[in-house]
Chemist: 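Okay, here's the structure, questions in a sec.
The sequence lines fix the lettering, A, B, ..., with proteins before strands; numbering per chain opens at 1.
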Number of protein chains: 2
Amino acid sequence: MFLSTTINGVDAKGRVSVPADFRAVVRGGPFDGIICWPSFDGPYLEGGGQALLERYQALIEEMDPYDDARVAFERAIFGAARPLAFDSNGRVTLPKEFADHAGLDTKATFVGLGSRFEIWSPERFEEHKSSAQSFARDNKRALKLPPRPGGV
Amino acid sequence: MFLSTTINGVDAKGRVSVPADFRAVVRGGPFDGIICWPSFDGPYLEGGGQALLERYQALIEEMDPYDDARVAFERAIFGAARPLAFDSNGRVTLPKEFADHAGLDTKATFVGLGSRFEIWSPERFEEHKSSAQSFARDNKRALKLPPRPGGV
DNA sequence: TGGGATAACATGGGATCAGATGGGAAACAA
DNA sequence: TTGTTTCCCATCTGATCCCATGTTATCCCA
């Protein structure tokens, strides 16, 4: 599971270290790296392992072949996604379009979201974080844990 | 089940012993440690075993992928959560942001809550405890036993 | 029931290792 | 050739591991 938030540096070559915990999640998969695309929902990147893309593919294939939404999702996700391979130190090189879309300059914030993650510019993420927290606080009742006898 | 309240010391490296009873709860699980995150609801940490996070993940994955509430919860919980592994003596190292959020300096109060637990600064917990007790007294009728098939 | 022995737990410090980062050389494309 | 990309090595910092020690709770036996 992708967890926690990490800020890593982006060097002059556009390289950024993927947090070691994130690398551990995709380790052993078919592709030694991550798959990223610019979010169509905001100025950040989305990413995950190859398994994530395969799950999205399964979701999309349940839609009608010429459903407008299907075509839009296909273009926005599969059309925009690129595999980013790890170098021997666990870094990836961000394509310039990706860095531009997310406003990544010298620092990048990796945000783990369970089955996937996001990459933000640290400044932009700070702005969004507080609103996400207050939204979560106001809506916490929507997240009900079913009681399990015995706990844990 | 996480039970009872324990105060343990936090050393100069930010390490704190997890109460032995709490360690026994997560022993045998997939990850030898606990998973904690700063509560979005107050100046304390929430935590549990990996099983707890997986229950949250299952809940969240029932929501649509780009539902605003889903993304807010993902960022507030998974984005903030970190796995804290036990060292050979059953201690974990608190990340600095965590200690800051909860105001943990030299002592930490572990509060067992059944399926999860909280970590407080002892002073803040004392203040909170009295108000929590009066809140519980005022709302005691909200604690309902679910009907159990077959009676008892 | 009291006291001593023993084991479990909590704590402190030092050494070692992994991760993040910067720079340069080699391979490749224009 | 020139610029770009990929690969590899060096370094630094911080986290993790390991050993030593004190303290408390538990157990056993007198």
Side-chain angles (χ1 to χ4, degrees), chain A residues 2-28 31-36 45 47 82-100 104-112 117 119-122 125, chain B residues 2-28 31-37 45 47 50 81-100 104-112 117 119-122:
Chain A
F2 298 105
L3 288 180
S4 94
T5 298
T6 312
I7 300 181
N8 278 346
V10 179
D11 69 16
K13 298 180 182 177
R15 295 180 302 185
V16 59
S17 282
V18 177
D21 327 353
F22 286 25
R23 299 203 298 266
V25 174
V26 300
R27 183 168 301 146
F31 165 62
D32 188 38
I34 55 178
I35 299 181
C36 289
L45 308 178
R82 292 185 54 173
L84 305 178
F86 297 142
D87 71 9
S88 59
N89 290 344
R91 286 179 292 196
V92 297
T93 301
L94 295 172
K96 190 162 180 315
E97 325 86 85
F98 283 18
D100 288 346
L104 302 174
D105 180 21
T106 60
K107 297 273 177 189
T109 300
F110 287 79
V111 186
F117 59 85
I119 306 177
W120 288 75
S121 121
F125 180 67
Chain B
F2 299 108
L3 287 180
S4 92
T5 298
T6 311
I7 300 181
N8 278 346
V10 179
D11 69 16
K13 294 183 182 178
R15 294 180 301 187
V16 58
S17 282
V18 176
D21 337 359
F22 285 26
R23 298 203 299 266
V25 174
V26 299
R27 183 167 302 145
F31 165 63
D32 187 39
I34 55 177
I35 298 183
C36 290
W37 63 96
L45 307 178
Q50 183 166 335
R82 292 189 54 171
L84 306 178
F86 297 141
D87 69 10
S88 58
N89 292 341
R91 288 178 292 192
V92 296
T93 301
L94 295 172
K96 188 165 180 313
E97 322 90 77
F98 283 20
D100 289 347
L104 302 174
D105 181 20
T106 60
K107 297 276 176 189
T109 300
F110 287 79
V111 187
F117 58 85
I119 306 176
W120 288 76
S121 120

Chemist: So, OP1 or OP2 of C:dA20: does either fall under 4.0 Å of a side-chain N or O from A:Arg23?
Modeler: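 It does, given that an N or O in the side chain of A:Arg23 lies less than 4.0 Å from OP1 or OP2 of C:dA20.
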Chemist: Reading DNA chain D 5' to 3', which nucleotide is the first, and which the last, to come under 4.0 Å of any heavy atom in chain B?
Modeler: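 So the contact region on DNA chain D extends D:dT16 to D:dA20.
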Chemist: Hey, what are the protein-to-nucleotides 21-23 of chain C N/O distances that come in under 3.5 Å?
Modeler:
unit_1 : atom_1 : unit_2  : atom_2 : d
C:dT21 : OP1    : A:Gly9  : N      : 3.1
C:dT21 : OP2    : A:Gly9  : N      : 3.3
C:dT21 : O4     : A:Asn89 : ND2    : 2.7
C:dG22 : N7     : A:Arg91 : NH1    : 3.1
C:dG22 : O6     : A:Arg91 : NH2    : 3.0
C:dG23 : N7     : A:Arg15 : NH2    : 3.2
C:dG23 : O6     : A:Arg15 : NH1    : 2.8
C:dG23 : O6     : A:Arg15 : NH2    : 3.2

Chemist: Do A:Phe98 and A:Leu104 have side-chain heavy atoms sitting under 4.5 Å apart?
Modeler: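 Sidechains of A:Leu104 and A:Phe98: no contact.
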Chemist: Identify the two heavy atoms, one from B:Asn8 and one from B:Ser17, that lie closest to each other, and give their separation to 0.1 Å.
Modeler: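 So the two residues come closest at ND2-O, 2.6 Å.
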Chemist: Between atom CG in B:Asp21 and atom P in C:dA8, what is the gap in whole Å?
Modeler: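 Those two atoms, CG and P, are 15 Å apart.
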Chemist: Under the side-chain hydrogen bond (donor to acceptor under 3.5 Å, both in side chains) rule, collect the residues that match up with A:Arg82, sequence neighbours excluded.
Modeler: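 In terms of side-chain hydrogen bond (donor to acceptor under 3.5 Å, both in side chains), with neighbours along the sequence ignored, A:Arg82 is linked to no residue.
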Chemist: With A:Val10 as reference, evaluate A:Ile119, A:Val16, A:Thr106, A:Asp105 under the side-chain contact (heavy atoms from CB on, under 4.5 Å) test and give the passing residue.
Modeler: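 That would be A:Val16.
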Chemist: Can you check the A:Phe22 CZ to C:dG19 C1' distance for me, whole Å?
Modeler: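 To the nearest whole Å, that distance equals 15 Å.
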Chemist: Under 3.5 Å, side-chain donor or acceptor atoms of residues 86-93 of chain A against the rest of the protein: list the pairs with distances, not counting sequence neighbours.
Modeler:
unit_1  : atom_1 : unit_2  : atom_2 : d
A:Asp87 : OD1    : A:Asn89 : N      : 2.8
A:Asp87 : OD1    : A:Gly90 : N      : 3.1
A:Asp87 : OD1    : A:Arg91 : N      : 2.9
A:Asp87 : OD2    : A:Arg91 : NE     : 3.3

Chemist: In whole Å, what is the span from the CG atom of B:Asp87 to the P atom of C:dA15?
Modeler: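 That distance rounds to 18 Å.
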Chemist: What residues form a ring-ring contact (aromatic ring centres under 6.0 Å, His included) with A:Phe110, not counting sequence neighbours?
Modeler: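 Partners of A:Phe110 by the ring-ring contact (aromatic ring centres under 6.0 Å, His included) criterion come out as none, since no residue qualifies.
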Chemist: Can you see which heavy atom on A:Leu3 is nearest to which on B:Pro83, and at what distance?
Modeler: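 Nearest heavy atoms, A:Leu3 then B:Pro83: CD1-CD, 4.1 Å.
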Chemist: Do A:Thr5 and A:Phe125 touch side chain to side chain, with heavy atoms closer than 4.5 Å?
Modeler: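 Yes, side chains in contact.
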Chemist: Bend angle of the helix from C:dT1-D:dA30 to C:dA30-D:dT1 from five-pair axes at both ends, rounded to 10°?
Modeler: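 Roughly 30° between the end axes, to the nearest 10°.
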Chemist: Output the distance between atom OG1 (B:Thr6) and atom CZ (B:Phe22), rounded to the nearest 0.5 Å.
Modeler: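 Nearest 0.5 Å value for the OG1-CZ distance: 5.5 Å.
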Chemist: Less than 4.5 Å apart, side chain to side chain, heavy atoms only: is that true for A:Leu84 and A:Val18?
Modeler: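 Heavy-atom side-chain distance check fails, nothing below 4.5 Å.
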